[in-house]
Amino acid sequence: MVVGLTALALAACNLQGSPPVSGDLSVGGSVIADLPPAQESAGELRPGVKVYRIALDQDEAVKVSAVSANLQGRARLRLMLLDDRGVVQAVSVARNWFAARQELTPLSLRPQIATDPGYRLNFKGQAGQVFYLRVENYALSQDRVTLYADPFTPNPAGNGEAFTSGTRQGAIEFVGEFDWYNVSGAQGYLRLTYAGPLDLVALLYLSPQDPSPLVLDPVMNCVLVSPATLLVVRDRGLSRAGFDEENSGQYRLEFSSTPCP
C-alpha cells in the first residue's frame with residue numbers, strides 16, 4: 001500500500017520514480033550506457049532504464065544527446081531530464097524538438113540520420129544545481145548508447161533589445177523560453193517566418209500590461225506594427241522547444257514597407 005501511495009503522489013506532482021543512479025555524466029563529457037531491453041507485461045511496454053547524474057559547476061546551457069551504437073536506426077530511445085526533486089524538466093520527442101511533459105511526447109520513432117544524434121534536449125541551470133537524466137530503451141533488444149552533455153551558447157536574439165528595422169533570427173531552445181524585443185520605435189509591417197514542430201506565436205503588446213496582445217503565427221504572419229511597443233516570441237503553450245536550426249526552434253522576424261496581403 002505504501003508503494004502504491006508513493007507512486008500516486010509522484011504522478012500527481014509530475015515526478016518520476018527512478019532506479020538507482022548508474023553514474024555521473026559530466027558537462028563536456030560522455031558516458032556509454034548499456035541499456036537492458038524493454039519488457040512486455042500485461043499489455044504494457046516497460047523500458048530498460050538507466051539514470052545519470054549531471055552536476056553543474058557554473059551557470060550554463062547544456063545540450064544532452066544520445067547515439068545508439070547497437071541498434072542505430074532501429075533504436076527506440078527516450079531521454080527524460082529531472083531536477084533533484086524528481087520533477088520532470090524536459091522529455092525528448094524527435095530529432096528536432098522536445099517537450100515539457102511526458103504526456104505531450106509520443107514515443108520517438110524517427111530514425112537517426114547519419115551521425116546526427118536522434119534523441120536530444122536542452123536545459124540550463126545555475127552553478128551547484130544537480131539534474132538527473134533518465135535514459136529509456138523501448139526496443140526489445142539491449143542497446144549500447146553513448147550519452148553526451150555538451151555546453152553551448154544559446155542564440156542571443158530576444159534579450160530585450162530594440163528592434164525597429166531589418167531582420168532578426170532567433171530560436172526557442174528551452175522549455176518555457178520566450179524572446180522579447182522593444183519595438184516602440186518601429187514602423188511598417190512585421191512578418192514572422194517559421195517552419196517547424198513548435199506551436200510558435202509572436203505577441204504584440206501595446207504596453208507591458210496589455211491583457212490582449214495581437215497574435216501572429218506561421219499562418220496569420222503579417223501585421224502593421226504600430227502602435228505596439230513590445231514583441232514576445234514563444235511556444236504558444238510554453239511546452240515545446242527545439243534547437244537553433246531550421247525546421248526546429250529557429251524563427252525569423254522582418255520589418256518592411258510592403259503591406260500585408
Side-chain angles (χ1 to χ4, degrees), residues 2-26 29-54 62-113 115-123 130-150 175 197 239-243:
V2 172
V3 173
L5 291 174
T6 300
L8 288 174
L10 289 173
C13 298
N14 197 31
L15 306 181
Q16 296 291 323
S18 295
V21 173
S22 302
D24 289 332
L25 174 58
S26 61
S30 64
V31 296
I32 294 176
D34 288 311
L35 299 174
Q39 301 292 325
E40 293 180 299
S41 175
E44 293 186 2
L45 189 63
R46 298 182 180 275
V49 176
K50 288 201 171 181
V51 177
Y52 292 87
R53 178 178 179 270
I54 304 174
V62 181
K63 178 181 295 180
V64 174
S65 57
V67 180
S68 166
N70 287 4
L71 300 180
Q72 300 181 12
R74 294 179 290 116
R76 298 184 67 189
L77 301 172
R78 185 165 66 184
L79 303 178
M80 183 181 297
L81 185 79
L82 305 98
D83 67 11
D84 58 0
R85 298 172 298 158
V87 179
V88 176
Q89 304 296 299
V91 183
S92 67
V93 178
R95 189 195 66 80
N96 56 345
W97 71 283
F98 56 100
R101 297 185 302 279
Q102 184 174 358
E103 57 268 26
L104 299 173
T105 62
L107 180 61
S108 174
L109 298 177
R110 291 192 177 191
Q112 298 178 47
I113 301 172
T115 57
D116 184 28
Y119 307 90
R120 301 181 290 170
L121 57 83
N122 293 337
F123 73 96
V130 175
F131 296 87
Y132 293 89
L133 181 68
R134 178 182 168 99
V135 188
E136 302 176 338
N137 176 25
Y138 284 85
L140 296 176
S141 302
Q142 67 182 24
D143 199 359
R144 170 165 284 194
V145 174
T146 304
L147 304 171
Y148 301 90
D150 296 316
V175 168
S239 60
R240 298 185 179 195
F243 306 95

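Put simply, the side chain of V135 reaches to within 4.5 Å of the side chain of L79, judged on heavy atoms. A 4.5 Å side-chain heavy-atom check between V145 and L71 finds every atom pair outside the cut-off.
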What pairs of donor and acceptor atoms, side-chain ones from residues 32-43 against any protein atom, are under 3.5 angstrom apart with sequence neighbours left out?
from: D34; atom 1: OD1; to: R144; atom 2: NE; distance (Å): 2.6
from: D34; atom 1: OD1; to: R144; atom 2: NH2; distance (Å): 3.2
from: D34; atom 1: OD2; to: R144; atom 2: NH2; distance (Å): 3.0

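Y119 places a side-chain N or O within 3.5 Å of a backbone atom of A75 that can act as its donor or acceptor partner. With hydrogens and angles ignored, the 3.5 Å screen pairs no side-chain donor or acceptor of R120 with any backbone N or O of N96.
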Could you walk me through whether N137 and L77 pass side chain to side chain contact (heavy atoms under 4.5 Å, CB included), step by step?
CA-CA 5 Å; N137 176 25; L77 301 172; 4.3 Å; yes
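Of the listed residues (V91, V175, L81), just one forms a side chain to side chain contact (heavy atoms under 4.5 Å, CB included) with L121, and that residue is L81.
With sequence neighbours excluded, no residue satisfies ring pair (Phe, Tyr, Trp, His ring centres under 6.0 Å) with Y132. With sequence neighbours excluded, the residues forming a side chain to side chain contact (heavy atoms under 4.5 Å, CB included) with S30 are T146, Y148, listed by chain and number. Taking the side chain to side chain contact (heavy atoms under 4.5 Å, CB included) definition, one finds that V62 meets it with V27, L56, E60, V64, F123, A149, sequence neighbours left out. Looking at residues two or more places apart in sequence or on another chain, you find a salt bridge (Lys or Arg N to Asp or Glu O under 4.0 Å) between D24 and R53. By the side chain to side chain donor-acceptor pair (under 3.5 Å) test, D143 is found to be paired with S68, residues two or more places apart in sequence or in another chain being considered.
The distance from atom CG of D150 to atom CG of N122, rounded to the nearest 0.5 Å, is 10.5 Å. Taken from CZ in R134 to OG in S22, the straight-line distance is 11.0 Å, to the nearest 0.5 Å. The CG atom of L45 sits 10.5 Å away from the CD atom of E136 when rounded to the nearest 0.5 Å.
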